[in-house]
Amino acid sequence: MCAKDKANFVRMSFLNELNDAQRAAVTHIKGPLMVIAGAGSGKTRVLAYRIAHLIQNGVDPFQILSLTFTNKAAAEMKHRIASLVGEADARNIWMGTFHSIFARILRNEAERINYSRNFTIYDTNDAKSMIKDVLKELGLDDKIYKPSNVLSRISSCKNNLIGPEDYRNNIDLINEDHMSGKSKMVDIYERYNNKLFNASAMDFDDLLFKTNILFRDNPDLLLKYQHKFHYILVDEYQDTNFSQYLIVKQLGKMHENVCVVGDDAQSIYSFRGANIQNILNFRRDYPDYKMYKLEQNYRSTQTIVNAANGIIAKNKDQIKKNVWTSNDQGSVIGLYKAVSDNEEGAYVANHIFATKKEEGIDYNGFVILYRTNAQSRSFEESLRKLNIPYKLYGGTSFYQRQEIKDLIGYFRLVANHKDEEALKRTINYPARGIGKTTLEKVQVISAERNTSMWEVILTPQQIGVNSGTALKLSEFTTMIRSFAVGLETAPAYEVAYNIASSSGLLKELYNDKTPEGVARYENIQELLNGIKEFSDKIDPANPHKVNTLSEFLIDVALLTDADNEDSAEKEKVSLMTIHAAKGLEFPFVYIVGLEENLFPSMMALNSREELEEERRLFYVALTRAEKKVTLSYATTRYRWGQLTYGEPSRFIDEIDDNFIDKKGVSLNKPSEFSRPKIDFGKERQGFNSGRVGEREPRMLSDTPDIPVNFTPPVKKDAIPSGNFKKVDAAQSKPAGPILQLESGMTVSHEKFGKGKVLKVEGEGADAKATIFFPSEGQKQLLLKFAKLTIID
DNA sequence: TTAGGCGCTGTTTTT
DNA sequence: CAGCGCCTAA
């Protein structure tokens, strides 16, 4: 078979793998199209095949712009396309997240918007820190103007392309601020933007905002990119915001070969400005668009598909579609009620261990999904106890760690001297006697002169510090400048290593022999190793090219450690938030922490819209599963260091009884779903002293034997939590004796004094008594918490 | 100027 | 519980 025939053969065979709707979407070449793709309906496959199909029909990969939601999705897509059309073509497609693609374009065209191509991308922490500085400069109270609130308001403005000027002219916004007592909001916004500019920095939203500005103010450039991108594809279209929508619209104007793929039922990013409206806008902008609906689910069992359909049907806002599957019925959804967050962790870990054995499937087939990152701890601990390897996605990512940010701070400052957040971070770490006082002076002067801090410390004599400090400042600027040698020309690792060691940072960490210090040193080594790898990588198309630190820095702010796929794909259980799981699939899915106020989140109970988004999130979670879903919740949980009581999530009850097995729960606790509410208001102090959970009976019928001398692989990515002591302490502390009370007894309570027992219910750990205290009235107390003594 | 201790306060999801 | 800002001692 010659190459051409082979290509034809491949094409024929991959088109045959598609169903009618999929094939129609893939082979639709010219003109706008929208693909509404139900969960598990082969959306990624359609996108990948469509791109492959375009290339096979003579489209130059350089003319294809494919926008994905995460870097990971982009990498996966490239991989798939490479297997269809070959590595060389796949590499040349413009594929990535909105943020990374347009950061790249902004760097290339930086001078058009008065920026240097070395601009820094500020992450959320940098941005918040800058907001705090703005508040200080304006003399505003950060209790009223909470930095995170301010930032999210600014962010939503930017996502809707409302700049400070527009804000000032927008009566509604100004009124809103006035009503809420935050009339200075617009001043903060303006000054914040100004400071970003002085620091030669952009926040995440700026990357999109400034792209719009760039295209608005430079028609020639817009034309250039319109010409360039003959074909545009947008994944997860339901999660794009207005700013992104407009970029796509502008770029697509010339060829109108715009393909958007999405599912309104999986829209879970409205907090980030995502707007369903964009789907309607698309219809308006391209009246002759074609729509394809992918409704056959290939991923999940009938049980899962039907349960998920039932859930989403409870939402009012949605595009009607009929997701179905011809897969097996499969097993019912499991439900487990745990008495504590730790016990929930133990149950899930044990269940995974047992299921793996039973099904002969490896650990990659399992995922634990939770609503908030903070929930990961109990699962990590339980998995470690069973020596089950796991990988934690999200959370405090590698790049967010203090020591990593410190070193990258140096890199950033070297590349962009104006980077104020980097300067603040590095100027006195390691300590060089440039303290708070000096820094404040510098900040005040730079604000007065409307310039960067770097500019100010270049001439330290002018800022009224003593000569010793002035000397230290000029030593610092000299050092930073010396680091810049080779930034654009030498291999990244050489420059990076020199900075790490000459700045004194490496030594500082090396000298710290505490366990945390050692871990930090190792993390720095890991970063340096990563840079070494980057340096050594050879581009086959350009083998003599040097990979510089400047290039390494370009995308570092946009990386999350989910993108650092482990080189060796060792088998591991995945732990992540539901948001992070979007687009992924696993045979066995555990959705945990299904409690009111946690999932749905307490923050989302104020409106129908918010609750519906939580419900879509639950829908996304369910539809990640291929074979089996297991739900769990805990009746008690530590939140913010406090023991709290939870009720089962409403979402559990929203699942049709045919698809869920509630036996495990009702056997333990017949009255669970109608458990009387207990007012714990006054007893709270009492609860703090007692710890629950750890010593509860496990209630597991299938608890596997735990291998005693299983040697755990040392896992770098299994993040040391350093928090084991506390758990162990809690475990070894025996539970207070549970008194055998009977009604009629007189007892004494630490806080409430003497009281008379009226009623005793339940047994063991769950026993509770109704007691009448003359001073307090009638109380219901759980005996395992209440410190009671029997008087007679 | 720095380090360390104390008390206060939020409590979601992410590029 | 964590991360912070504020205070004090050296």
Side-chain angles (χ1 to χ4, degrees), chain A residues 67-74 96-103 121-125 127-129 132 136 142-143 146-149 151-152 155 158-159 202-208 236 239-241 243-244 267-274 341 369-375 377 393-397 399-400 402 428-440 465-466 468-469 472 555 557-563 576-582 593 597-605 610 613-614 616-618 620-621 637-644 688 721-723 726-727:
Chain A
L67 297 164
T68 58
F69 197 69
T70 61
N71 292 309
K72 196 177 178 201
T97 63
F98 273 91
H99 290 87
S100 66
I101 293 281
F102 294 109
I121 299 169
Y122 273 12
D123 69 14
T124 311
N125 288 321
K128 265 190 211 159
S129 163
K132 282 184 200 160
K136 257 187 235 156
D142 67 358
K143 298 227 164 50
K146 294 198 187 112
S148 52
N149 286 347
L151 187 63
S152 75
S155 167
K158 287 185 177 176
N159 288 331
M202 296 193 198
D203 64 18
F204 286 136
D205 305 309
D206 278 338
L207 296 174
L208 307 173
E236 310 284 8
D239 284 326
T240 53
N241 58 41
S243 184
Q244 293 167 321
S267 161
I268 55 176
Y269 279 95
S270 70
F271 70 92
R272 222 171 83 185
D341 44 3
L369 298 177
Y370 34 77
R371 178 71 231 281
T372 68
N373 283 304
Q375 286 163 258
R377 177 135 298 160
Y393 291 83
T396 316
S397 86
Y399 295 98
Q400 304 263 1
Q402 190 167 345
N428 200 33
Y429 185 78
R432 4 184 117 79
I434 304 171
K436 220 170 65 181
T437 324
T438 308
L439 212 57
E440 245 157 40
V465 293
N466 62 43
T469 309
K472 287 172 191 157
D555 284 331
L558 299 173
L559 287 183
T560 57
D561 56 2
D563 306 325
M576 63 184 86
T577 63
I578 300 165
H579 283 90
K582 189 152 93 140
N597 294 324
L598 182 59
F599 190 19
S601 160
M602 199 187 338
M603 313 297 286
L605 299 176
E610 286 177 326
E613 177 144 324
E614 295 289 301
R616 288 194 295 269
L617 198 52
F618 187 50
V620 168
R637 153 183 320 277
Y638 276 92
R639 289 231 257 173
W640 325 295
Q642 283 267 326
L643 184 68
T644 60
N688 289 337
S721 72
N723 228 354
K726 284 196 184 111
V727 173

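Below, chain A is the first sequence line, B the second, and so on; all start at residue 1.
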Rounded to whole Å, the CD-P distance (A:Gln642 to B:dG10) equals 15 Å
Which of B:dT1, B:dT14, B:dG10 is nearest the side chain of A:Tyr269? It is B:dT14
Taken to the nearest whole Å, CD1/A:Ile101 to C1'/B:dT15 is 13 Å
Regarding the side chain of A:Thr70, the nearest nucleotide among B:dT12, B:dT15, B:dT2 is B:dT15
By nearest-heavy-atom nucleotide on DNA chain B, the more 5' of A:Arg371 and A:Arg432 is A:Arg432
### More than 12 heavy atoms of other groups within 6.0 Å of A:Gln402 CD
no
Checking B:dT2, B:dT14, B:dT12 against the side chain of A:Glu614 (C-beta onward), the nearest is B:dT12
Between CG of A:Asn597 and C1' of B:dG10 the distance, given in whole Å, is 16 Å
By nearest-nucleotide position on DNA chain B, the 5'-leaning member of A:Ile434 and A:Asp205 is A:Ile434
* With a non-hydrogen cut-off below 4.0 angstrom, is A:Asn428 in contact with a base, only sugar-phosphate, or nothing? -> sugar-phosphate
inquiry  = Please classify the nucleic acid contact of A:Lys472 as base, sugar-phosphate, or nothing, using heavy-atom distances under 4.0 Å.
reply    = nothing
Separation of B:dT13 atom P from A:Ile578 atom CD1, nearest Å, is 11 Å
In whole angstroms, the gap separating P of C:dG3 from CG of A:Asp142 amounts to 18 Å
- Query: Can you find a side chain N or O atom of A:Lys436 that sits less than 4.0 Å from OP1 or OP2 on C:dC6?
  - Reply: no
In whole angstroms, the gap separating P of B:dT12 from CD of A:Glu613 amounts to 15 Å
Ranking B:dT14, B:dT15, B:dG10 by distance to the side chain of A:Phe204, first place goes to B:dT15
* **Heavy-atom side-chain contact between A:Asn428 and A:Leu439 under 4.5 Å** => no
From the candidates B:dT15, B:dT13, B:dT12, the one with an atom nearest any side-chain atom of A:Asn373 is B:dT13
Closest to the side chain of A:Thr97, out of B:dT15, B:dT13, B:dT1, is B:dT15
* Chi angles and distances behind the side-chain contact (heavy atoms from CB on, under 4.5 Å) call for A:Asn597, A:Arg639 -> CA-CA 11 Å; A:Asn597 294 324; A:Arg639 289 231 257 173; 3.7 Å; yes
Problem - side-chain N/O A:Arg616 vs B:dT13 OP1/OP2, d < 4.0 Å - result: no
For this session: Determine the contact category for A:Phe599: base if any of its heavy atoms lies under 4.0 Å from a base atom, sugar-phosphate if only primed atoms, P, OP1 or OP2 are that close, otherwise nothing.
Result: nothing
Rounded to whole Å, CG of A:Asp341 lies from C1' of C:dC1 at a distance of 12 Å
Strictly below 4.0 Å: does A:Thr577 bring a side-chain N or O up to OP1 or OP2 of B:dT14?
yes
ring-ring contact (aromatic ring centres under 6.0 Å, His included) test vs A:His579 passes for just one of A:Tyr370, A:Tyr393, A:Tyr269, namely A:Tyr269
Sorted by chain and number, sequence neighbours left out, salt bridge (charged side-chain N to carboxylate O under 4.0 Å, His left out) with A:Asp205 holds for none
Closest to the side chain of A:Phe271, out of B:dT13, B:dT1, B:dT15, is B:dT13
For A:Glu236, the salt bridge (charged side-chain N to carboxylate O under 4.0 Å, His left out) test, sequence neighbours excluded, returns A:Lys43, A:Lys582
Atom CG of A:Leu439 and atom C1' of C:dG5 are separated, to the nearest Å, by 16 Å
Note to self: Need one value for A:Thr124: base, sugar-phosphate or nothing, where a base atom within 4.0 Å counts as base even if backbone is also close, heavy atoms only.
What the structure shows: base
Notebook entry, point to check: Using a cut-off of 4.0 Å on non-hydrogen atoms, how would the nucleic acid contact of A:Arg639 be classed: base, sugar-phosphate, or nothing?
Noted result: nothing
The nucleotide from B:dT2, B:dT14, B:dT13 with an atom nearest the side chain of A:Arg272 is B:dT14
